[in-house]
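Each remark here refers to the structure printed beneath this line.
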Amino acid sequence: MAVTRRRTYVPQEIEPKWQRTWVERGVMKAADASERRKFYNLVMFPYPSGDPTVGHMRNYVIGDLIARFKRMCGFEVLNPFGWDAFGLPAENAAKKRGNLHPRDWTLANIQSFRRQLEMIGILYDWDREVTACAPDYYRWTQWLFLLFFERGLAYREMAPVNWCPVDETVLANEQVINGYCWRHEDVLVEKRYLEQWFFRITDYADRLLNDLDLLPEWPERVVTMQRNWIGRSHGVEIDFPLDGRAEGLRVYTTRPDTIHGATFMVLAPEHPLLPSLTTEGQRAEIQAYLEASRHQTDIQRLSTEGGKTGVATGAYAINPMTRERIPIWVADYVLGSYGTGAIMAVPAHDERDFEFARRFGLPIRQVIAPSGGERIAQDRAFTSKEGVLVNSGGLTGLSCAEAFERIGAELESQGTGRRTKRYRLRDWLISRQRYWGAPIPIVHCPTCGLVPVPLDQLPVTLPAHYERLSEQPEWYETKCPVCGGGARRETDTMDTFMDSSWYFLRFTDAQNQERPFDPELANHWMPVDQYTGGVEHAILHLLYSRFFQKVLQDAGLLSEPEPFKRLFTQGMVTRFGAVMAKSKGNGVSPEELVQGQGADAGRVYEMFIGPPEDDVEWSDQGITGCTRFLHRYWRLALAPETIAVTSTGADAAALRRKVHQTIRKVTDDYEGFHFNTAVAALMELSNAMHEHLAAGGERGMGWEESVRSLSLLLHPMAPHITEEVWSEIGEGLCADASWPVFDAVAASESQVDLVVQVGGKRRDVLRVPPELPEPAALKQALASPAVVRAMADREPRRVVYVPGRLINLVP
RNA sequence: GCCGGGAUGGCGGAAUCGGUAGACGCGGCGGUCUCAAAAACCGUUGGGGGCAACCUCGUGCGGGUUCGACUCCCGCUCCCGGCACCA
């Protein structure tokens with residue numbers, strides 16, 4: 001008998017069947033031409049490691065949930081997937097396992113990863129799959145490089161760069177964390193002076209900063225991190241005359257208002273004027289200082305906190321406001337790479353200058369005083385801008401802001417300075433000296449110089465043989481595309497962040513053989529409506545992608561200024577206190593989950609475990625609550641007759657009310673990413689349904705509505721079990737069904753709890769209509785024995801009444 | 001050091017335009033079923049007091065505002081994340 005057969009819920013018996021059905025029916029295929037409103041849902045494409053855990057699956061479950069939910073709400077959903085498949089881990093793994101090729105390792109991982117996604121029921125439009133290491137993808141990455149090159153945004157320059165001695169390649173600034181390599185937390189990055197490729201991201205600094213205002217649906221902290229990373233400051237460049245020389249010394253300061261307090265100057269060790277400024281008497285000491293600082297890594301320079309070092313050059317500059325002669329020092333607390341590499345030091349109003357002046361006995365002169373006239377502490381710098389000028393000649397008495405403008409204007413009219421801005425952001429170093437990346441499509445010709453590879457010769461494919469490109473002459477020896485003479489291919493590859501900076505565009509037109517994408521299709525689908533991924537990409541990937549979007553907008557290929565409309569950053573999953581990973585021995589694999597509790601229970605649990613933006617601790621027994629919930633749902637939907645009637649008095653209107661309250665709650669929670677409370681609401685509904693049956697409730701239309709609604713609301717989280725139930729109670733696929741419609745009338749309560757307080761303390765609860773008028777409420781409250789006792793013959797001096805919530809009698 | 005986020009039962013967490021603190025779940029306890037156990041199901045579960053109706057304390061700590069504070073304000077402690085000589 002059919003009923004007997006389906007009395008038990010066995011996830012392994014139904015899950016593969018529905019996974020096949022969804023694929024056969026093309027459930028997640030996105031149509032470019034559709035009557036429906038588009039919704040571009042994207043999860044960050046992963047680097048395909050071999051052993052994904054349920055921790056990794058968390059954001060794919062979130063993405064799948066949103067995609068399924070939006071489809072049911074009537075959107076044409078684009079929900080694609082791909083692989084960030086270039087990069088060093090593949091090379092390192094290949095090296096470790098002998099003669100394995102990075103490509104083979106990567107492609108095997110992709111297969112395994114994809115299988116695990118599929119077995120937990122995650123659907124994508126696989127027709128649009130993108131693989132960064134495939135020639136038909138990196139061909140277009142190279143195409144985009146050449147676009148940047150033509151637009152003057154890619155350049156080659158000798159520069160001191162960050163070098164990771166383990167990976168044997170350079171790193172972008174963004175990939176250096178406190179002086180350590182981002183991939184090896186115990187490996188110090190070295191400084192090397194090399195010729196490298198850069199992207200002029202600093203040209204876009206203002207737009208990258210200003211357009212953050214277009215992103216109200218990004219997490220505040222990500223916006224803040226980007227803002228700080230770009231680090232725009234407004235200041236003034238000032239030329240300080242040098243004593244006894246014609247040329248000046250240019251400095252950058254954000255505090256020109258403190259110029260009367262500038263009692264010395266400091267040059268960075270790299271400053272070009274340093275050798276010519278150094279006097280004979282100081283030369284030996286300066287040489288020794290430079291020698292010492294050159295051998296220091298960044299981390300060592302940073303660790304000199306609490307003890308700044310420096311040497312006087314013997315030269316002097318003239319303070320243009322006070323006409324004083326002030327000494328010029330060299331110190332490595334001034335960076336050669338920021339501003340002009342030289343500063344005016346105002347020890348009274350800058351902590352670093354203060355510390356330096358204290359150490360070397362240089363004069364400290366206060367020129368700003370708190371506006372309130374308070375005395376300032378003598379043992380530290382007064383750095384507030386809320387003050388007025390003192391000891392500042394004709395400017396004395398002005399506020400800091402007024403003085404900034406006045407001095408700026410004065411210097412500009414004299415031609416000795418100008419107001420300007422600076423950024424912390426540096427140009428993006430994109431070249432890497434390894435094998436497993438997209439080759440930079442440039443040819444070095446001894447006669448023609450840097451020659452871009454013609455577009456019709458793309459892609460410049462990687463040689464089949466796995467070895468550093470610069471070691472493979474048979475690959476890099478070529479002919480110049482312009483003059484035909486002997487030439488050499490660029491042997492650097494591109495940073496993998498290049499691949500991920502535009503993949504979301506390729507998804508809109510993944511099969512295009514003529515161009516990276518058709519602008520019309522890209523503009524149809526873009527921007528990404530919902531982007532979900534880890535916070536670890538808050539700066540790097542998201543900043544680079546925004547940069548690409550803007551460059552392509554300038555090139556006329558895109559119309560939107562920003563690629564990602566709404567961003568969600570999910571937390572990590574830990575187990576036994578550490579981030580879940582196969583290598584740490586604390587991972588739970590998708591296979592284990594599917595074979596144990598089933599994909600649906602795992603998905604529901606991942607959503608229920610905690611707020612999705614928080615890190616959460618996986619609990620092996622915590623999941624049982626979700627398993628029980630699914631079993632209960634199964635029994636309610638398919639075998640309600642097995643639930644024992646233990647009382648009478650079922651209320652059909654109450655059930656219907658609960659159903660509609662749940663529709664509203666779950667819909668709002670899905671929209672607002674409160675998946676944990678959505679699960680709780682569905683559990684509540686199933687509890688109410690169970691009580692309804694236990695109280696002898698009938699199983700007519702109201703009951704059916706509750707089963708259908710619960711199935712639809714649960715489907716995005718637990719698609720297999722709901723699909724199986726739907727095949728018994730509904731038409732077509734549950735995945736294709738429409739989202740339930742909320743009925744406000746059905747959801748409204750005729751009677752609500754009214755809390756009665758006496759002096760702010762809860763004394764009783766009354767069942768009353770929600771809009772009960774105050775006099776009636778007061779009358780009922782005063783009739784309550786508990787209230788009579790608490791009032792103790794006193795009269796209410798005051799009554800606070802909030803209809804539908806509480807009445808508070810204040811004696 | 002600076003910026004941001006947080007602290008609620010045994011545990012994960014709900015509830016923040018100020019209005020029943022602890023939804024939902026885990027675990028615990030008691031029970032049904034069973035030869036027994038598991039599973040499932042039912043009941044119960046913040047602390048203290050009381051036979052009970054009830055009373056009382058309780059959202060990191062100390063103050064304050066309010067009829068009423070997990071929620072707002074002031075001052076702390078601790079935890080997490082980001083940045084860290086950017087002039």
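Sequence lines set the chain letters: A, B, ... in the order given, protein chains first and strands last, and positions in each chain run from 1. This structure is a prediction, so every number in the text was calculated from the model and none was measured.
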Task: Partner nucleotide, any strand, of C41(B) [Watson-Crick/G-U, under 3.5 Å] - done: G31(B)

TODO: Determine the Euclidean distance between corresponding P atoms of U20(B) and C35(B); express it in Å to zero decimal places.
DONE: 50 Å

Open item on the list: On RNA chain B, does the nearest nucleotide to N808(A) precede the nearest nucleotide to T224(A) from the 5' side, or the other way round? Give the residue.
Closed with: T224(A)

TODO: Flag yes if more than 12 heavy atoms outside Q751(A) fall under 6.0 Å of its CD atom; otherwise flag no.
DONE: yes

Open item on the list: I'd like the C1' distance from G22(B) over to U44(B), given in whole Å.
Closed with: 16 Å

Open item on the list: So, OP1 or OP2 of G82(B): does either fall under 4.0 Å of a side-chain N or O from R221(A)?
Closed with: no

Task: Any strand: nucleotide that pairs with A23(B) via Watson-Crick or wobble, under 3.5 Å - done: none

Open item on the list: Using only atom types and a distance under 3.5 Å, with no angle test, would you say the side chain of E749(A) pairs donor to acceptor with the backbone of P770(A)?
Closed with: no

Task: Inter-residue atom distance R424(A).CZ - S337(A).OG, 0.5 Å rounding - done: 10.5 Å

Open item on the list: Rounded to whole Å, how long is the line connecting atom CZ of R575(A) with atom C1' of G12(B)?
Closed with: 16 Å

- [ ] Take the protein atom CZ of R789(A) and the nucleotide atom P of U56(B), then report the distance between them rounded to whole Å.
- [x] 10 Å

Open item on the list: Looking at R628(A), I'd like to know whether one of its side-chain N or O atoms comes within less than 4.0 Å of OP1 or OP2 on C26(B).
Closed with: yes

Open item on the list: Once you apply a heavy-atom cut-off of 4.0 Å, does G759(A) come out as touching a base, just sugar-phosphate, or nothing?
Closed with: sugar-phosphate

- [ ] May I ask you to check whether F360(A) and F356(A) place their ring centers less than 6.0 Å from one another?
- [x] yes

Open item on the list: Rounding to an integer number of angstrom, what distance separates U65(B) and C29(B) when you compare their C1' atoms?
Closed with: 43 Å

TODO: Between G13(B), C67(B), G12(B), spot the one nearest the side chain of V800(A), thanks.
DONE: C67(B)

Open item on the list: Among U20(B), C55(B), A14(B), which nucleotide has an atom closest to any side-chain atom of R762(A)?
Closed with: U20(B)

Open item on the list: Using the P atom as the point on both nucleotides, what is the distance between A69(B) and C61(B), in whole Å?
Closed with: 15 Å

- [ ] Determine the Euclidean distance between corresponding C1' atoms of G60(B) and U56(B); express it in Å to zero decimal places.
- [x] 22 Å

- [ ] Return no unless some side-chain N or O of H690(A) is found under 4.0 Å from OP1 or OP2 of C42(B).
- [x] yes

TODO: Tell me which nucleotide among C24(B), A15(B), A87(B) gets nearest to the side chain of T677(A).
DONE: A15(B)

- [ ] Give a yes or no on whether a donor-acceptor pair under 3.5 Å exists between the nucleobase atoms of G19(B), that is its base, and the side chain of Q757(A).
- [x] yes

Open item on the list: Please report the distance, rounded to the nearest Å, between CZ in R227(A) and P in G4(B).
Closed with: 12 Å

Task: Aromatic ring proximity, centroids under 6.0 angstrom, W428(A) and F198(A) - done: no

Open item on the list: Say we look at C3(B) and C74(B): how far apart would their P atoms be, to the nearest angstrom?
Closed with: 14 Å

TODO: State whether F404(A) and R255(A) meet the cation-pi test: NZ (Lys) or CZ (Arg) under 6.0 Å from the six-membered ring centroid, and within 45° of the perpendicular axis.
DONE: no

Open item on the list: Which nucleotide wins on minimum distance to the side chain of Q621(A), given the candidates C26(B), U20(B), C24(B)?
Closed with: C26(B)

Open item on the list: Please confirm whether the shortest side-chain N or O distance from K761(A) to OP1 or OP2 of G19(B) is below 4.0 Å.
Closed with: no

Task: Contact under 4.0 Å: R424(A) side-chain N or O vs C85(B) OP1/OP2 - done: no

TODO: Compare the minimum distances between each of C24(B), A87(B), U20(B) and the side chain of S233(A), then state the nucleotide with the smallest one.
DONE: A87(B)

Task: Residue met sooner reading RNA chain B from 5', once M225(A) and R763(A) are mapped to nucleotides - done: R763(A)

TODO: Identify the nucleotide, in any strand shown, that forms a Watson-Crick or G-U wobble pair with U59(B), with both distances under 3.5 Å; if there is none, say none.
DONE: none

Task: Residue matched to U71(B) through Watson-Crick or wobble contacts both under 3.5 angstrom - done: none

- [ ] Write down the distance separating the P atoms in C17(B) and U71(B), rounded off to the nearest Å.
- [x] 13 Å

TODO: Look at the side chain of K308(A) and decide which nucleotide, out of C85(B), A87(B), U20(B), has an atom nearest to it.
DONE: C85(B)

Open item on the list: Is N676(A) close enough to G12(B) that one of its side-chain N or O atoms is under 4.0 Å from OP1 or OP2 there?
Closed with: no

- [ ] May I have the distance from W618(A) (atom CH2) to C26(B) (atom P), rounded to whole angstrom?
- [x] 15 Å

Task: Who pairs with A7(B) - Watson-Crick or G-U, where each distance is under 3.5 Å - done: U77(B)

TODO: Scan V810(A) against the nucleic acid and name what it touches under 4.0 Å (heavy atoms): base, sugar-phosphate only, or nothing.
DONE: sugar-phosphate

Task: Atom pair CZ/CD of F568(A) and E613(A) - distance to nearest 0.5 Å - done: 4.5 Å

Task: F382(A) side, atom CZ; F354(A) side, atom CZ - distance, nearest 0.5 Å - done: 13.5 Å

Task: Under 4.0 angstrom between Y338(A) side-chain N/O and A87(B) OP1 or OP2 - done: yes

- [ ] Please work out if N687(A) contacts a base, only the sugar-phosphate, or nothing of the nucleic acid, heavy-atom cut-off 4.0 Å.
- [x] sugar-phosphate

